[in-house]
A.B. asks: 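Below is one structure. I have some questions about it.
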Amino acid sequence: MNFRQRLKSLLTLLVLVSTIGGVLLFLHYKEEMTRLKPRLEQRQIPILADIKQPEFIVQNETSQNHNIHGDAVKAGNVSNTSKSETLQTILSPVNNLEMIVREKKYEYFTDKFVIDKEPFLSWFNKKNEIHICGDRLKVYGNYFGVARNIVMHPEKQSTNSVKGGEQVKAVLGQTEGQEYFNLNSDFWELSCDTNDTTQQKLSNSGLNWKNNIKIVSTANNASNHVHKYTFGVLRGDYANLHNWMRCIFNVFILMSFFKVQPSEMSILFLDAHPFTPLDKAWDVIYSTPIRVGHLSQPVHYENFIWGVDEKNMPFSEHVDPPIPYLEEFRTFVLDRFDLPTKDVLNCKKLRITFIVRRNAVYHPRNAEGNVGRKVFNEAEVVETLMKAFPGSHVQAALMEALPMKSQLEISSQTDLWIGMHGAGMTHIAFLPKHAAVLELFQKDFKVNRPWFVCFHSITMWRGMHYDSWENTDGNLEMPHDYTIVPTDVIAQKAQKLVEQMCPK
């Protein structure tokens, strides 16, 4: 037998051994979970095991006004003003109380509120401004840009099989690439005195969308006019609460810079992501988002702002410099949901929230709905906390199963926040400033990701109390991403945090 034949036989044997090993491992896990199922049912808090995806019925995406900037205002010989009024009618809230909240003026978006802290001070530094076509287009470093009187052509893009806003269950298996549009080089048109230098100046700028803006002598007419400031938002991990907060914080900072009140702005999603319940929070905080994939007619924007690219946004999972204005941001968001913005610590009756995680389908690339970093012995953890802190209010919450207002109501009125590392820990930004946080990690999570300090960072920036626990015992790791949390250790760490909050 020559060398090549022996090598082939060896490879065949290795494949066979790997296949048999994989089958045996699967059978072992199946047997292990069958054995553990009764114990798991006893140790799990009786909360929804699966999250039912709500029906997607959004005001601006029904068949009646499918193209909110186009067909919905196309009928009849109406003036630009009346078209704009029709647009406002479509977006108008139907509840008087909601109207009052939306029309409220905030000091954060007036001259009284000055952005004078880093890193945002560098964002808005005039030395970093690039002026194109006079002041018609301004680019601020590598961060964002604003255009005056620019025309957008939704039809000038590659045909996409998805438009955005679909139910996740209807688009299972679609690739991430399908959720982004390939825009033509003249997707946006900006009219001014054209010359090669002007277009080259734009090409040399740091604006993420520079290759999709064409400088022309005369822009094509657009029958649809939008007078409000429109913020173009391109989302990445759209179903992740942490990334959602990064996006809405980005808009908050830009609104502060441009002095734009919530009633004076609109949101345009520049992606084709499916629907997520987080979309509805945009409605309350800012305005009902329009999806570019649902538009077909050209739109003239008086003021269009391309937001900060996600990779440059604050709150990354890496070590960031301190992020200012978190308290102002927290107050603004809570007020938009008509929730109290101030809270008083009562050490005799603490409010302790233990957040749990469940398998659920959040996006098309996870059709099985597998969610990692779940606590195996939830019920024991809650029982231990109740015994350790008699008289306190201890609750377990599956945050993503709740509407955003309910989530914020829980987090903004919690003194001690405990949970496995995950997007739900983002609510640290909305806890009272006196609160404490205990973050849990499965085995080797921090070892393999030493840069993953985003939630610890938020507590430091806000001056809060923080501690963590990371599993180092392989015997505490269960199949299917469950971890047994030692309740005595959790009680001890929680007690120390309470002592820091309520020193004697």
Side-chain angles (χ1 to χ4, degrees), residues 45 47-51 53-54 168 176 179 233 235-250 271 273-282 285 310-311 313-318 320 323 326 329-330 333 337 353-366 368-375 378 396-412 414 417-431 435 437-442 445-446 448-449 451-459 461-462 464 466 468 470 481-483:
I45 300 298
I47 300 179
L48 295 176
D50 293 287
I51 303 169
Q53 298 293 332
V168 172
E176 188 172 9
E179 296 174 11
V233 178
R235 300 167 299 162
D237 194 352
Y238 72 101
N240 183 290
L241 183 69
H242 181 229
N243 284 52
W244 169 83
M245 191 188 74
R246 296 177 72 197
C247 286
I248 63 171
F249 182 75
N250 169 35
D271 55 66
H273 293 310
F275 170 76
T276 168
L278 293 174
D279 293 351
K280 290 188 174 294
W282 285 89
I285 300 172
E310 190 171 290
K311 66 177 181 293
M313 289 181 189
F315 296 113
S316 72
E317 59 267 20
H318 302 274
D320 276 337
I323 304 299
L326 289 182
F329 171 69
R330 174 185 183 270
V333 172
F337 281 93
T353 300
F354 174 55
I355 60 171
V356 300
R357 295 166 63 85
R358 289 286 190 275
N359 288 344
V361 178
Y362 296 115
H363 62 76
R365 268 79 65 196
N366 184 13
E368 297 80 14
N370 294 327
V371 172
R373 303 184 303 279
K374 300 180 289 287
V375 175
E378 292 172 350
L398 179 63
M399 299 296 278
E400 55 266 39
L402 302 171
M404 183 54 67
K405 181 170 183 176
S406 298
Q407 293 186 41
L408 292 170
E409 191 170 13
I410 291 172
S411 58
S412 65
T414 288
W417 187 263
I418 303 174
M420 271 282 186
H421 174 87
M425 296 298 283
T426 304
H427 275 283
I428 293 171
F430 303 108
L431 297 176
V437 174
L438 177 56
E439 187 175 9
L440 314 177
F441 295 91
Q442 66 182 173
F445 184 87
K446 289 177 69 177
N448 297 328
R449 304 169 184 84
W451 63 86
F452 238 95
V453 295
C454 47
F455 303 125
H456 186 194
S457 296
I458 296 174
T459 62
W461 300 333
R462 297 192 62 205
M464 300 165 63
Y466 175 89
S468 66
E470 182 178 13
D481 285 316
Y482 282 99
T483 301

A.B. asks: CD1 of Ile458 to CD1 of Ile428: how many Å apart, nearest 0.5 Å?
C.D. replies: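 The CD1 atom of Ile428 is 6.0 Å from CD1 of Ile458, to the nearest 0.5 Å.
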
A.B. asks: Could you check whether any side-chain heavy atom of Phe441 comes within less than 4.5 Å of a side-chain heavy atom of Thr483, counting everything from C-beta outward?
C.D. replies: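 The answer is no; the side chains never approach within 4.5 Å.
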
A.B. asks: Ignoring hydrogens and geometry beyond distance, is a side-chain donor-acceptor pair present between Glu179 and Tyr238 at under 3.5 Å?
C.D. replies: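 On atom types as modelled, these side chains do not qualify, holding no pair under 3.5 Å.
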
A.B. asks: Test Phe249 against Ile323 for side chain to side chain contact (heavy atoms under 4.5 Å, CB included), laying out the working first.
C.D. replies: CA-CA 11 Å; Phe249 182 75; Ile323 304 299; 3.8 Å; yes

A.B. asks: To check you understand the geometry: which heavy-atom pair defines the closest contact between Pro274 and Asp279, and what is its length?
C.D. replies: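 Nearest heavy atoms, Pro274 then Asp279: O-OD2, 4.2 Å.
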
A.B. asks: For the side chain of His273 and the backbone of Gly236, is there at least one donor-acceptor N/O pair under 3.5 Å apart?
C.D. replies: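 Yes, His273 side chain to Gly236 backbone: donor-acceptor pair under 3.5 Å.
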
A.B. asks: For a 4.5 angstrom cut-off between non-hydrogen side-chain atoms, does Met404 reach Leu278?
C.D. replies: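 Of all side-chain heavy-atom pairs linking Leu278 with Met404, at least one is under 4.5 Å.
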
A.B. asks: Within the 4.5 Å heavy-atom criterion, are Asn240 and Tyr362 side-chain neighbours or not?
C.D. replies: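 No, side chains not in contact.
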
A.B. asks: Within a strict 4.5 Å, meaning less than it, do heavy atoms of the Asn243 and Arg235 side chains meet?
C.D. replies: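 No - every pair of side-chain heavy atoms lies 4.5 Å or more apart.
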
A.B. asks: Would you confirm whether Arg373, through its side chain, and Met420, through its main-chain N or O, come within 3.5 Å as a donor-acceptor pair?
C.D. replies: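 Not at all, since once roles are kept as given, no pair shorter than 3.5 Å links the two residues.
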
A.B. asks: Quick one: are Phe275 and Lys280 in side-chain contact, heavy atoms under 4.5 Å?
C.D. replies: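 Yes, side chains in contact.
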
A.B. asks: Kindly indicate, with the supporting measurements, whether the criterion side chain to side chain contact (heavy atoms under 4.5 Å, CB included) is fulfilled by Thr459 and His456.
C.D. replies: CA-CA 5 Å; Thr459 62; His456 186 194; 3.5 Å; yes

A.B. asks: Heavy atoms, side chains only, cut-off 4.5 Å: are Met245 and Phe430 in contact?
C.D. replies: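 When only atoms from C-beta onward are counted, Phe430 and Met245 do touch, with a gap below 4.5 Å.
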
A.B. asks: To the nearest 0.5 Å, how far apart are CG in Leu438 and OG in Ser468?
C.D. replies: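 Taking CG in Leu438 and OG in Ser468, the distance rounds to 7.5 Å.
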
A.B. asks: For the side chain of His363 and the backbone of Ala239, is there at least one donor-acceptor N/O pair under 3.5 Å apart?
C.D. replies: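 Not at all, since once roles are kept as given, no pair shorter than 3.5 Å links the two residues.
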
A.B. asks: Nearest 0.5 Å, what's the CG-CZ distance between Leu326 and Arg462?
C.D. replies: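 If I round to the nearest 0.5 Å, the distance is 7.0 Å.
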
A.B. asks: Mind checking whether His242 and Phe455 have parallel, tilted or perpendicular rings, split at 30° and 60°?
C.D. replies: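 The rings of His242 and Phe455 stand perpendicular, inter-plane angle above 60°.
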
A.B. asks: Please report the closest heavy-atom contact between His421 and Glu439, naming both atoms and the distance.
C.D. replies: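 Shortest heavy-atom separation between His421 and Glu439 comes out as ND1-OE2, 2.7 Å.
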
A.B. asks: Side chains of Ile410 and Trp417: closer than 4.5 Å at any heavy-atom pair?
C.D. replies: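 Yes. Closest side-chain heavy atoms under 4.5 Å.
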
A.B. asks: Evaluate Trp244 against Thr276 for side chain to side chain contact (heavy atoms under 4.5 Å, CB included), listing each step before the verdict.
C.D. replies: CA-CA 11 Å; Trp244 169 83; Thr276 168; over 6 Å; no

A.B. asks: Closest approach of Ala396 and Val356, non-hydrogen atoms and distance?
C.D. replies: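 Of all heavy-atom pairs spanning Ala396 and Val356, the closest is CB-CG1, 4.5 Å.
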
A.B. asks: Do you know which two heavy atoms are closest between Leu431 and Thr414, and how far apart they sit?
C.D. replies: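 Looking at all heavy atoms of both residues, the closest pair is CD2-CB, 4.0 Å.
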
A.B. asks: Nearest 0.5 Å, please: how far is OG1 in Thr353 from CD1 in Ile355?
C.D. replies: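 OG1 of Thr353 is found 9.0 Å from CD1 of Ile355.
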
A.B. asks: Testing the basics here: between Leu402 and Gln407, what is the closest heavy-atom pair and its distance to 0.1 Å?
C.D. replies: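 Heavy atoms only, the tightest pair is O-NE2, 2.9 Å.
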
A.B. asks: Got Cys454 and Met425 here, is their nearest side-chain heavy-atom distance under 4.5 Å?
C.D. replies: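 No, too far: nothing below the 4.5 Å cut-off.
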
A.B. asks: Please report the shortest heavy-atom distance between Arg357 and Ala423, naming the atom on each side.
C.D. replies: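 Heavy atoms of Arg357 and Ala423 come nearest at NH1-N, 4.1 Å.
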
